[in-house]
Amino acid sequence: MSSTRKAYFVGGGIGSLAGAAFLIRDGGMAGSQISIMEAGALMGGSLDGAGDAESGYSMRGGRMLTTDNYECTWNLFKSIPSLTHPENSVFDETLEFNAKHVSHALARLVDSRRAKVAVASMGFSVHDRMELLKLAIAQEDSLGISRITDHLSPSFFDTAFWSMWVTTFAFQPWHSAVEFRRYLHRFLLEFSRIETLAGVKRTVLNQYDSLVVPLQRWLVAQGVRMINDCTVIDLGYKTNGDSFEVIALHCILKGTAETIQLEDGDLTFVQNGSMTDASSLGSMTAAPAKLKKTHNGAWTLWEKLAEGRPMLGNPAAFNSCIAQSDWASFTVTLKDPGFFDQMQRFSGNEAGTGGLVTFKDSNWLMSIVLAHQPHFANQPADVQVFWGYGLFPDRIGNFVPKAMADCTGAELLQELCGHLRFDLDTMATANCIPCRMPFITSMFMPRAPGDRPLPVPPGTKNFAFISQFVEIPMDTVFTVEFSVRAAQMAVYQLLSISKPIPPVTPHDKSLHAQFDALVKALQ
């Protein structure tokens, strides 16, 4: 490989950070030859976490991790040193943390009486079981662009299983049957423990502080250039028949137009699309602004590239219906332990040992989760932080006569206390920051073959996509693993690295896992 070859990453999400690490670790590229260009002020993309005790903490979401899956992610983080104990890797510290704080949710579902719902049974009828089995064993190509509701009857969506599965993975009934089927196979181990979330692993802090920051610091130490406030608005390219070669990057860097000319051998990696595009934050007194995809422009580059080029995918399949891809989240900062104390008594879980507490009769399908404290690197010892979200932000609340998307932080706390029957005084010190995310489940939208491009599309010479909107057989979107695996696949293919990529573990082929899932389905 030429020592002068350069690599450019468009977008600073976990996929780009991972791709840069694979270039260095496995491709032998010097970090000084790698640039990561991010439109925002921070790297990390959707794995965000910001704020302080005075202004309030916020994070748009939290990704579920397991050590039974996430093969490429842990392969990467075994190479990244811990910030607090550099002699250990991020993977090592994560394992040690989870050995001390074992997940076993005791209040997974709560009903309108504020009673914990018995979840030993999944609530399936014989008809539900037969339909679910039929969908699980269907060939993927036979499902086409069908939706989950095309295969499962209305009664299925009233089961305890559905309430727990969808709030763990954020599916909606109108989402892709193909993706739902992939989840059933990829996360078969979670099927038999969905009521306790015993398979879920957590990072020591939020995923920005625990994954993004150590990876970014390692990359910077290797000489990688992190360029913020830099929006790539177009690519210059040349074509020859079916071939596609990038020759320039057209950027807006800190408000000034710039063009980067690529030399022979240089590589470009683009994060096509964004599930957190056009997201916005509110406050205790203001609801989040309702933004559209033109606001941040994260989809624009992909739309330009894909026009007239089917091998580069079809972004319209994912970004054309906000009503079917949005939900709202909120982060609460507390300076009084009263709420955490009451939740511990009610749920039976200390913070960090439970899982999502879902209010199954909530019009918003609201859930909250109390992580181990502290949850942020700069969080004082006398401050607590928790996170929650609702899958139906367009519906009127049970206790607040407004759609969740239109609520202030104070109104979200009022709704939450209503479900828990907690006195609102519990929230006297609370600062709740709501967040609207119009494209957060856009990757789950029904899709046809070809709507998601391959990481390295056919005919491209020096170009790859890294995102939640590429096609990886057998793997599942809306996971950190999907972005990291896409990055590893792209880097290895463009550099012709022969080292094998960790395969997707076929838990669905395990007789033990199949038996456990069958027993659970029959309960």
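For reference, positions follow the sequence shown, starting with 1.
- Side-chain atoms of Pro337 and Gln384, non-hydrogen and from C-beta on, do get closer than 4.5 Å to each other.
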Next item on the list: Using the ring-ring contact (aromatic ring centres under 6.0 Å, His included) rule, take Phe156 and Phe124 through it: C-alpha gap first, then chi angles, then the decisive distance, then the call.
Entry: CA-CA 7 Å; Phe156 182 87; Phe124 293 138; 5.7 Å; yes
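- At distances below 3.5 Å, at least one donor-acceptor pair connects side-chain atoms of Gln379 with backbone N or O atoms of Phe376.
- Figure legend: Arg395 and Phe392 shown as a cation-pi pair, the cationic atom lying under 6.0 angstrom from the six-membered ring centre and within 45 degrees of its axis.
- Annotation: the span from Gln324 atom CD to Cys321 atom SG amounts to 3.5 Å, rounded to 0.5 Å.
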Margin query: Please determine whether side chain to side chain donor-acceptor pair (under 3.5 Å) holds for the pair Asp423 and Thr426, giving the CA-CA distance in whole Å, both sets of side-chain angles, and the decisive distance to 0.1 Å.
Written below: CA-CA 6 Å; Asp423 194 306; Thr426 309; 5.6 Å; no
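- Side-chain atoms of Ser467 do not come within 3.5 Å of backbone N or O of Gly273 as any donor-acceptor pair.
- Ring pair Phe359/His419 is parallel by interplanar angle, where below 30° counts as parallel and above 60° as perpendicular.
- Between Phe478 and Phe444, the two ring planes are perpendicular [angle over 60°; tilted spans 30° to 60°].
- Side-chain atoms of Arg114 do not come within 3.5 Å of backbone N or O of Asp111 as any donor-acceptor pair.
- A distance-only check finds no donor-acceptor pair linking the side chain of Gln468 to the backbone of Met443 [under 3.5 Å].
- No more than 12 heavy atoms of other residues, nucleotides or ligands lie within 6.0 Å of CD1 in Ile145, so this atom counts as exposed by the packing criterion.
- Ring geometry, Phe330 versus Phe386: the interplanar angle exceeds 60°, so the pair is classed perpendicular (tilted spans 30 to 60°).
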Next item on the list: Determine, step by step, whether Phe439 and Phe318 satisfy the ring-ring contact (aromatic ring centres under 6.0 Å, His included) criterion, reporting the C-alpha distance in whole Å, the side-chain angles of both residues, the deciding distance to 0.1 Å, and the verdict.
Entry: CA-CA 8 Å; Phe439 298 103; Phe318 307 101; over 10 Å; no
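- In terms of the side-chain contact (heavy atoms from CB on, under 4.5 Å) criterion, residue partners of Pro315 (sequence neighbours excluded) are, by chain and number, Trp299, Trp302, Glu303, Ala306, Asn319.
- Using modelled atom types, no side-chain atom of Ser367 and backbone atom of Thr167 make a donor-acceptor pair closer than 3.5 Å.
- Distance alone, capped at 3.5 Å, places no donor-acceptor pair between the Asp394 side chain and the Ala403 backbone.
- Looking only at distances, no side-chain donor or acceptor of Asn272 sits under 3.5 Å from a matching main-chain atom of Phe465.
- Atom-to-atom distance recorded for Arg436:CZ and Cys407:SG is 13.5 Å, nearest 0.5 angstrom.
- Aromatic rings of Phe161 and Phe191 (six-membered ring for Trp) have centroids within the 6.0 Å cut-off, being under it.
- Checked for salt-bridge contact, Lys304 and Glu307 miss the test: no charged N lies under 4.0 Å from a carboxylate O.
- Ring geometry for Tyr389 against Trp387 counts as parallel: the plane angle stays under 30°, on a 0 to 90° scale with 60° as the upper cut.
- Only one option out of Val119, Val117, Leu356 pairs with Met164 in a side chain to side chain contact (heavy atoms under 4.5 Å, CB included); it is Val119.
- At least one side-chain heavy atom of Glu415 sits under 4.5 Å from a side-chain heavy atom of Asn398.
- A donor atom on one side chain and an acceptor atom on the other are found under 3.5 Å apart for His151 and Ser146.
- Taking CZ of Phe91 as the reference point, atom CD1 of Ile80 lies at 13.5 Å (rounded to 0.5 Å).
- In the displayed structure, Arg217 atom CZ is contacted under 6.0 Å by at most 12 heavy atoms of other residues, nucleotides or ligands.
- Looking only at side-chain heavy atoms (C-beta outward), Ser347 and Leu106 stay at 4.5 Å or farther from each other.
- Residues Asn69 and Thr66 have side chains that bring a donor and an acceptor to within less than 3.5 angstrom of each other.
- A salt bridge links Arg485 with Asp475: at least one charged nitrogen is closer than 4.0 Å to a carboxylate oxygen.
- Under 4.0 Å is where a charged nitrogen must lie from a carboxylate oxygen, and between Arg345 and Glu350 no such pair does.
- The side-chain hydrogen bond (donor to acceptor under 3.5 Å, both in side chains) contacts involving residues 328-338 comprise Glu54-Lys335, where partners must be two or more places apart or lie in separate chains.
- Residue Leu412 holds its CG atom at 14.0 Å from CZ of Phe399, rounded to the nearest 0.5 Å.
- Under a 3.5 Å cut-off, the side chain of Asp361 and the backbone N or O of Ser112 do form a donor-acceptor pair.
- Listed for the Asp48 side chain is a donor-acceptor partner under 3.5 Å among the backbone atoms of Arg60.
- Between Pro288 and Leu281, every side-chain heavy-atom pair lies at or beyond the 4.5 Å cut-off.
- Side-chain contact check for Glu481 and Thr73: at least one donor-acceptor pair (N or O, by modelled atom type) lies under 3.5 Å.
- Using a distance-only test at 3.5 Å, with no hydrogens or angles considered, a donor-acceptor pair links the side chain of Glu131 to the main chain of Ser153.
- Within the 4.5 Å cutoff, the side chain of Leu391 has heavy atoms near those of the Gln172 side chain.
- Under the 4.5 Å side-chain criterion, counting only non-hydrogen atoms from C-beta, Leu253 is in contact with Ile227.
- The shortest distance between side-chain heavy atoms of Val480 and Val484 falls below 4.5 Å.
- Side-chain polar atoms of Arg108 and Thr168 form a donor-acceptor pair below 3.5 angstrom.
- With respect to Glu96 and Lys201, no salt bridge is recorded, no charged nitrogen being found less than 4.0 Å from a carboxylate O.
- To the nearest 0.5 Å, the span separating CH2 on Trp165 from CG on Leu184 amounts to 5.5 Å.
- Rounding to the nearest 0.5 Å places OG1 of Thr300 at 10.0 Å from CD1 of Ile233.
- Within a 6.0 Å sphere centred on CZ of Arg113, heavy atoms belonging to other residues, nucleotides or ligands number 12 at most.
- Closest approach of Asn363 to Ile396, counting heavy atoms only: ND2-O, 2.9 Å.
- With contacts defined as side-chain heavy-atom distances shorter than 4.5 Å, the pair Leu365/Thr358 qualifies.
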